[in-house]
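The structure under discussion appears below in the form of structure tokens.
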2 protein chains.
Amino acid sequence: MGTLLDLPLDEVLCGDSLEVLRRLPPASVHAIFADPPYNLQLKGTLRRPDDSLVDGVDDEWDRFADLPTYDAFTRAWLTECRRVLRRDGTIWVMGAYHNVFRLGAALQDMGFWILNDVIWRKANPMPNFRGRRFTNAHETLVWAARDPASKYRFNYQAMKTLNDDTQMRSDWYIPLCTGHERLRDAAGDKLHPTQKPEALLHRVILASTNAGEIILDPFLGTGTTAAVARRMGRRFIGIERDPGYAAAARARIAAVVPLPESAALALPSKREQPRLAFGVLVERGLVPPGSRLSDRQRRWSAEVGVDGTLRCGTATGSIHSVGAAVQEAPSCNGWTFWHVETSGGGLRVLDAYREEALAAQA
Amino acid sequence: MGTLLDLPLDEVLCGDSLEVLRRLPPASVHAIFADPPYNLQLKGTLRRPDDSLVDGVDDEWDRFADLPTYDAFTRAWLTECRRVLRRDGTIWVMGAYHNVFRLGAALQDMGFWILNDVIWRKANPMPNFRGRRFTNAHETLVWAARDPASKYRFNYQAMKTLNDDTQMRSDWYIPLCTGHERLRDAAGDKLHPTQKPEALLHRVILASTNAGEIILDPFLGTGTTAAVARRMGRRFIGIERDPGYAAAARARIAAVVPLPESAALALPSKREQPRLAFGVLVERGLVPPGSRLSDRQRRWSAEVGVDGTLRCGTATGSIHSVGAAVQEAPSCNGWTFWHVETSGGGLRVLDAYREEALAAQA
DNA sequence: CATAATATTGAATCCCGCA
DNA sequence: GTGCGGGATTCAATATTAT
């Protein structure tokens, strides 16, 4: 073990996370953001339906022999993080179903106090190409205080402002890191397989630190945490093992122009437009399975199935496709074409039920 | 331990979950939904996993002494669930940040194979009154197969249809159980503190079971799982320790009117439809020997042989292998790749002839 | 130049029956 | 068990090329 470092602020420390963490002084940082390897353990190759190859994470740093090995790794770096964290500090740890249950359980076992689990809902996730599972459309962040007695920081009002003056919820809708934000090499290939969106770190840092405070990232990668921290007037400590990633991070951080202090305010969040599937009306019993639907002239009548399928003679499918089929039209808006046979013997257009449901959840 | 029970279908078994589970025969249910007690670390009303109250929570309360107790409880009932679950069955386990990391880690440690974690996004969550955390607006469901080799059921097409013909994602937006759905006593107070919405169970059951299959709920409460299962034409086994809850569940289940079979059936995916060999279409003269097939862009043309083989230059074989060969692709679905040259000079995809033939023989 | 059509891509534990 | 081969399977956001 090397000598204890003075607190190395606003630097990217290149080296093994655990070794570097051990050299940092205790109780010295206000917050930690950690995006550790996920232990994906992918087997073969995966192709899209058009036969193109999916470029998965097959890097050496993500390979662990088994779950106990991964747990030992997790507990080792979390132990050092807890030592380095100030008494009132909080930690964010991020993962997916492969590893996040190990992370959360380790945090609890080690005496951290979970404050929230937060869901990053991806606006544009990769689909499930083989149709064998649900689209893996989110990742999980666990937010925890150093211990139950921590007087932790939570910038409640900033979060509320960021969310159009409504309390920030535990589910965050944020796009993947693509486009200009995604770092690429000379050949145009992504520099890092799992670069996180700056919007995610913006929210994390805004919620749990104040300007001038120190945030540590033990798995810095290409520097998202540090870049956002610098822009928002926070101090950072980044640790990254791969010299190539560390160099890219340094260049990226150097290019960041810190915001003027007055601008350290909230950016408006991208609002999500409400969308409602017909199946949801079925699920919720607003248009129960077994209901009869007709067109306005009652030329056709169809039955609603448990999954929101419509059956009309031999035609089966969505409200749109069955509407198109019976009319022998190329397409059809099922919401306005189909009507529910009401108990009073009348017809009520499907779209009215949708509007009702949307209004109820707004 | 009591004697082994014959499989008690469509019954609410009143008793301790673990004891009753131990009396069920092995490998007998298709799916399990479990919403276990969360009672963890709730200051003031701390309860043990056996639901007894913990007296005098002192400041020196040792979490290391109590989390293992919860873990032991978790592993005990999960062990029995795994025994009772059929080889190809799946389990849904539900929790919040207090306990879900313990649940997920236990599932992995015991050899279950996680398929997805699913987020129930609450439309109308309780706000955080103190403004010290994010609004706790979701709960987590872990969906897992009995083991990595399980050929588990996932009704992909039903989920897709339910979601307006787009792949179902891992984040589900569903309102809390309120209004007329919420069971209440004579005084108008809610009967059960954590009654789950039927819409949630509708989706769980539709995704992972078929009509006639058996779903087990070891913590039935007031019977949401059983009521939805019955309505959807599934069989159920419910276990509930509290006689009051069990009685309420029985009354609720008895009032359920099962859907007619036509509505309870979901749209089958193509994988589940009866197979039809291309040669049969040739035999029946729907695509006579000698027909010319082309891809959609008419880049390649092939001739149909009497036995359903395709010839395109030197490539000979099935519609799939020739399609793959001409494109130099690793694989190809010949049904959607090849088109028949119609007498009108147009192209009609081969799959349309198959669907026609399948409809004719149904 | 503007708009439209086409191509690319993302933390992924991604098939299944039959011989 | 393993191997073979039929044939099932994708969404949203950018970027690039074509009209």
Side-chain angles (χ1 to χ4, degrees), chain A residues 35-59 61-64 67 70 94-100 120 122-140 173 175-182 184 188-190 192-197 219 221 270, chain B residues 88 108 112-117 144-145 148-152 154 156-157 160 163-170 268-273 275-279 308 317-324 329-338 350-351 354:
Chain A
D35 183 22
Y38 283 15
N39 189 27
L40 286 188
Q41 309 212 317
L42 306 176
K43 298 224 160 55
T45 56
L46 179 64
R47 287 173 183 276
R48 299 186 180 82
D50 65 2
D51 273 329
S52 63
L53 213 54
V54 173
D55 181 18
V57 178
D58 54 357
D59 303 69
W61 50 254
D62 196 41
R63 284 199 281 272
F64 296 85
L67 283 176
Y70 185 78
M94 177 164 188
Y97 67 85
H98 317 80
N99 69 326
V100 77
W120 169 28
K122 301 180 184 183
N124 46 344
M126 180 155 69
N128 184 287
F129 295 118
R130 306 308 292 263
R132 294 295 297 141
R133 303 180 176 199
F134 298 99
T135 307
N136 208 341
H138 73 276
E139 294 186 27
T140 302
Y173 186 77
L176 295 177
C177 178
T178 60
H180 297 300
E181 192 185 314
R182 189 84 194 223
R184 296 176 191 283
D189 296 321
K190 59 189 176 193
H192 192 283
T194 69
Q195 187 181 338
K196 295 297 174 290
F219 305 99
K270 189 173 171 181
Chain B
D88 293 338
Q108 291 179 307
F112 288 99
W113 191 244
I114 297 182
L115 300 168
N116 279 112
D117 57 336
S150 300
K151 295 182 192 301
Y152 59 90
F154 175 52
Y156 175 76
Q157 192 56 57
K160 187 170 174 174
N163 194 38
D164 265 1
D165 290 338
T166 302
Q167 233 178 47
M168 184 70 80
R169 295 170 42 120
S170 56
S269 65
K270 275 202 162 166
R271 273 198 186 91
E272 291 164 310
Q273 282 171 4
R275 287 254 183 136
L276 192 65
F278 176 61
S318 71
I319 53 173
H320 314 294
S321 62
V322 173
S331 70
C332 169
N333 182 346
W335 291 109
T336 51
F337 178 73
W338 293 109
L350 216 48
D351 207 37
R354 175 170 63 163

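Labels below follow one simple rule: chain letters A, B, ... track the order of the sequence lines, proteins then strands, and each chain is numbered from 1.
- Rounded to whole Å, atom C1' of D:dC11 lies 11 Å from atom CZ of A:Arg48.
- Pairing of C:dC14, defined by two Watson-Crick or G-U wobble distances under 3.5 Å, is not identified with any nucleotide.
- Among the heavy atoms of the strands lying under 4.0 Å from B:Ile114 is at least one base atom, whether or not backbone atoms are also near.
- At the phosphate of C:dC16, OP1 or OP2 sits under 4.0 Å from a side-chain N or O atom of A:Arg132.
- Looking at heavy-atom distances under 4.0 Å, B:Pro148 makes no contact with the nucleic acid at all.
- Rounded to whole Å, the distance from CG on A:Leu53 to P on C:dG10 is 12 Å.
- Rounded to an integer number of Å, the gap from CZ of B:Phe278 to P of D:dG7 is 11 Å.
- Nucleic acid contact class of B:Arg271 (heavy atoms, under 4.0 Å, all strands): sugar-phosphate only.
- At distances below 3.5 Å, not a single donor-acceptor pair connects side-chain atoms of B:Asp88 with backbone N or O atoms of B:Tyr152.
- For D:dG7, the OP1/OP2 oxygens have a side-chain nitrogen or oxygen of B:His320 closer than 4.0 Å.
- For C:dA11, its base never sits under 3.5 Å from the side chain of A:Lys122 at any donor and acceptor pair.
- When both distances must be under 3.5 Å, the Watson-Crick or G-U wobble mate of D:dA12 is C:dT9.
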Before giving the answer on side-chain hydrogen bond (donor to acceptor under 3.5 Å, both in side chains), spell out for B:Thr166 and B:Asp164 the whole-Å C-alpha distance, their side-chain angles and the decisive distance to 0.1 Å.
CA-CA 6 Å; B:Thr166 302; B:Asp164 265 1; over 6 Å; no

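- Across D:dT9, C:dA11, D:dC11, the shortest atom-to-atom separation from the side chain of A:Pro127 is found for D:dC11.
- Among the heavy atoms of the strands, none lies under 4.0 Å from B:Pro330.
- With C1' as the reference atom, C:dA12 and D:dG5 are 24 Å apart, rounded to whole Å.
- Side-chain contact between A:Val100 and A:Glu139 is absent, with no heavy atoms from C-beta onward closer than 4.5 Å.
- Using a 30° and 60° split on the angle between ring planes, A:Trp61 and A:His192 fall in the parallel class, below 30°.
- At C:dC15, one or more side-chain N or O atoms of A:Arg130 fall inside 4.0 Å of OP1 or OP2 (strictly under the cut-off).
- Rounded to whole angstrom, the span from the CG atom of A:Asn136 across to the P atom of C:dG10 amounts to 16 Å.
- A side-chain N or O of A:Tyr70 and one of A:Asn99 form a donor-acceptor pair less than 3.5 Å apart.
- Nucleic acid contact for A:Lys43: none, since no nucleic acid atom lies under 4.0 Å from a heavy atom of the residue.
- For D:dG7, the base has no donor-acceptor partner in the side chain of B:Arg354 [N/O atoms by modelled type, under 3.5 angstrom].
- The residue A:Lys196 sits close to a base: some heavy atom pair falls under 4.0 Å.
- In this structure, B:Leu276 and A:Gly179 both approach DNA chain D, and ranking their closest nucleotides by distance from the 5' end singles out B:Leu276.
- In this structure, A:Asp58 places its CG atom 14 Å from P of C:dC14, rounding to the nearest Å.
- Residue B:Asn333 places at least one side-chain N or O closer than 4.0 Å to OP1 or OP2 of D:dA8.
- If you take atom P in D:dG7 and the same atom in C:dA19, they sit 14 Å apart, rounded to whole Å.
- To the nearest whole angstrom, the two C1' atoms, one in D:dA15 and one in C:dA11, are 22 Å apart.
- Contacts of B:Thr166 with the nucleic acid, taken as non-hydrogen atoms under 4.0 Å apart, involve only primed sugar atoms and P, OP1 or OP2.
- A 4.5 Å side-chain heavy-atom check between A:Thr135 and B:Met168 finds every atom pair outside the cut-off.
- C:dC14 sits 23 Å from D:dG6 when the P atoms are compared, rounded to a whole Å.
- The distance between atom CE of B:Met168 and atom P of D:dT10, rounded to the nearest whole Å, is 14 Å.
- In this structure, B:Gly334 reaches neither bases nor backbone, as no heavy-atom distance under 4.0 Å exists between it and the strands shown.
- D:dT9 and C:dT9 have their P atoms separated by 25 Å, given to the nearest Å.
- For D:dA18, the paired base is C:dT3 (Watson-Crick or G-U wobble, both distances below 3.5 Å).
- Of the possible donor and acceptor atoms, none in the side chain of A:Arg47 sits under 3.5 Å from a partner among the backbone N and O of A:Leu53.
- In this structure, CE of A:Met126 is placed 5 Å from C1' of C:dA12, rounded to the nearest angstrom.
- Contact annotation for B:Trp338: no contact, since no heavy-atom pair falls under 4.0 Å across all strands.
- Between the CZ atom of B:Phe154 and the P atom of D:dA8 there is a distance of 18 Å, given to the nearest Å.
- Using a 4.0 Å cut-off, no side-chain N or O of B:Ser331 falls inside it from OP1 or OP2 of D:dG7.
- Of the possible polar contacts, one joining the A:Asp62 side chain to the A:Leu40 backbone as a donor-acceptor pair under 3.5 Å is found.
- Remark: the separation of the C1' atoms in D:dT17 and C:dC1 is 15 Å, to the nearest Å.
- The backbone N or O of A:Lys122 sits less than 3.5 Å from a side-chain atom of B:Arg169, completing a donor-acceptor pair.
- Using a 4.0 Å heavy-atom cutoff across all strands shown, A:Arg47 reaches no nucleic acid atom at all.
- Counting non-hydrogen atoms under 4.0 angstrom, A:Asp35 reaches a base of the nucleic acid.
- Of the candidate nucleotides C:dA11, D:dG7, D:dT10, D:dG7 has the atom lying nearest to any side-chain atom of B:Trp335.
- Across D:dT9, C:dA11, D:dG6, the shortest atom-to-atom separation from the side chain of B:Tyr156 is found for D:dT9.
- Taking only side-chain nitrogens and oxygens, A:Tyr173 never comes nearer than 4.0 Å to OP1 or OP2 of D:dA12.
- For D:dG7, there is no paired nucleotide, since no Watson-Crick or G-U wobble pair has both relevant distances below 3.5 Å.
- Residue contacts shown for B:Cys332 include a base, since a base heavy atom lies under 4.0 Å away.
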